[in-house]
Amino acid sequence: MRVKKKKQQEDPGDMTAMIDIVFQLIAFFMVLINFTKAEQDQRIKLPISELVKVPEEEIHDTITLQLVIRDEDLNLIDLHQVLVAGQEKSIDELEPILRREFNALKEKDENAPANATIIIRADGDAPTGEVQKIIQMAQKAGFQKFSLRAKEKD
Amino acid sequence: MKFRKSSRSSSSEDDKIELQMTPMIDIVFQLLTFFIMTFNIVAQEGDFNIAMPAPGAMPIEIENTALPRKIVLVADDEGNLASISVNGTNLSFGVDDDNIPDFGPLHQLILKAVEDEGGPGSEGAQSLEVELVIDFKLKYKNTISAISAISGEKKGGEITKLIEKLRFAPPKRQP
């Protein structure tokens, strides 16, 4: 057999179509990428409501309080804690932290605390009394506007 | 290295520079992988906005002592809803398979009250106030459902506000 010495040349074919599709994918992900760390702890199963609507504009000056009653695997645990400003505290320890936030906002602007919203993300199975206590703590610290988070019906 | 065919054509138009697609594809795949790895699906969450000034801050004289309705939600030991009563009258409620109560009758009652005052959005309706007295143990999802039933109605995508003034009474039973 006469083996022809072929040049070691690869012929990948026309790659243009492949690149087009890949650019489409990149554009898709670039549009959707969200670098903001939305304060949404994954251990919380929000209650469902029909009436919730996603806020159209982003509200300024918010403090998010997350009532966590589950562990990472979403099993219920006895210790209920509130995740606030990156720290996990018990409900009774909330007041000093909230007062600090209140004062910090006040220094920024006299009217800021009155217009600040406390966003409460609590698990659907949490005792309502605990949520009420959180609201009371926030009211004692001086906050007046509250936003209870829920998710849409699937 | 790419050598030009210099034998004949030093000034000819055969000097096409071929674009090497392979490195381009490599980089593009790198970018794509980066975006896929950092892609994070964040569920959209909705809000219920309630204005709740501290109880002490509320003005003592209220112009119209119109009908603040007291809605009492009683929980059983497991935190599920045991009974609802409005101004002392018990309301019936159904429970579906997932143990989620149906607040239909409550919703109808509130609707009727709002209609009686002049319809949603009217001055009379806006002055209606509801006080919620909820057991400590009651699971939060029931509270949210009750608030949904009271504060608005959703018809075909449009949300009409019913009761805008909501108050929580201090928790009844501490464990």
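Please read all numbers here as calculations on a predicted model, not as lab measurements.
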Next on the checklist: Between A:L25 and chain B, with a heavy-atom cut-off of 4.5 Å, which part of the residue counts as in contact: side chain, backbone, both or neither?
Outcome noted: both
Checklist outcome for this item: The reported gap from CZ in B:F136 to NZ in A:K133 (rounded to nearest 0.5 angstrom) is 5.0 Å
Checklist entry - A:Q132 side chain to B:A169 main-chain N or O, any donor-acceptor pair under 3.5 Å? => result yes
Item to check | Inter-residue atom distance A:D125.CG - B:K141.NZ, 0.5 Å rounding | outcome: 4.0 Å
Checklist entry - Can you get from A:F23 to A:I33 by hopping between Ile, Leu, Val, Met, Phe, Trp and Tyr side chains that sit under 4.5 Å apart? => result yes
Next on the checklist: Can you tell me which portion of A:L32 sits under 4.5 Å from chain B's heavy atoms? Options are side chain, backbone, both or neither.
Outcome noted: both
Item to check | Test item: A:T128 side-chain N/O and B:L138 main-chain N/O as donor-acceptor pair under 3.5 Å | outcome: yes
Checklist outcome for this item: So, the part of A:L67 with a heavy atom under 4.5 Å from chain B: the answer is neither
Checklist entry - Angle class for the A:F28/B:F39 ring planes (parallel below 30°, perpendicular above 60°, tilted otherwise)? => result tilted
Item to check | Distance, nearest 0.5 Å, that separates CD1 of B:I144 from CG of A:L148 | outcome: 5.0 Å
Checklist entry - Considering the options A:R149, A:R121, A:K145, which one meets the salt bridge (Lys or Arg N to Asp or Glu O under 4.0 Å) requirement together with B:D47? => result A:R149
Checklist entry - More than 12 foreign heavy atoms under 6.0 Å from CD of A:Q87: is that the case here? => result yes
Next on the checklist: Membership question, hydrophobic clusters at under 4.5 Å side-chain separation (ILVMFWY): are A:I44 and A:I134 in the same one?
Outcome noted: no
Next on the checklist: Let me check something: do A:F102 and A:V84 share a hydrophobic cluster, defined by ILVMFWY side-chain heavy atoms less than 4.5 Å apart, either directly or through other members?
Outcome noted: yes
Next on the checklist: Any non-hydrogen side-chain atom of A:F29 less than 4.5 Å from a side-chain atom of B:M37?
Outcome noted: no
Checklist entry - Relative to chain A, which of B:L32, B:T38, B:T143 shows the most heavy atom pairs under 4.5 Å? => result B:L32
Checklist entry - Same cluster or not: are A:L98 and A:L83 linked, directly or through other Ile, Leu, Val, Met, Phe, Trp or Tyr residues, by side-chain heavy atoms under 4.5 angstrom apart? => result no
Item to check | Neighbour count above 12 (heavy atom, 6.0 Å) for A:Q81 CD | outcome: yes
Item to check | Shared hydrophobic cluster, A:L46 / A:I120 (ILVMFWY, side-chain heavy atoms < 4.5 Å) | outcome: no
Checklist entry - Can you tell me how far OH of B:Y140 sits from NZ of A:K45, rounded to the nearest 0.5 angstrom? => result 15.5 Å
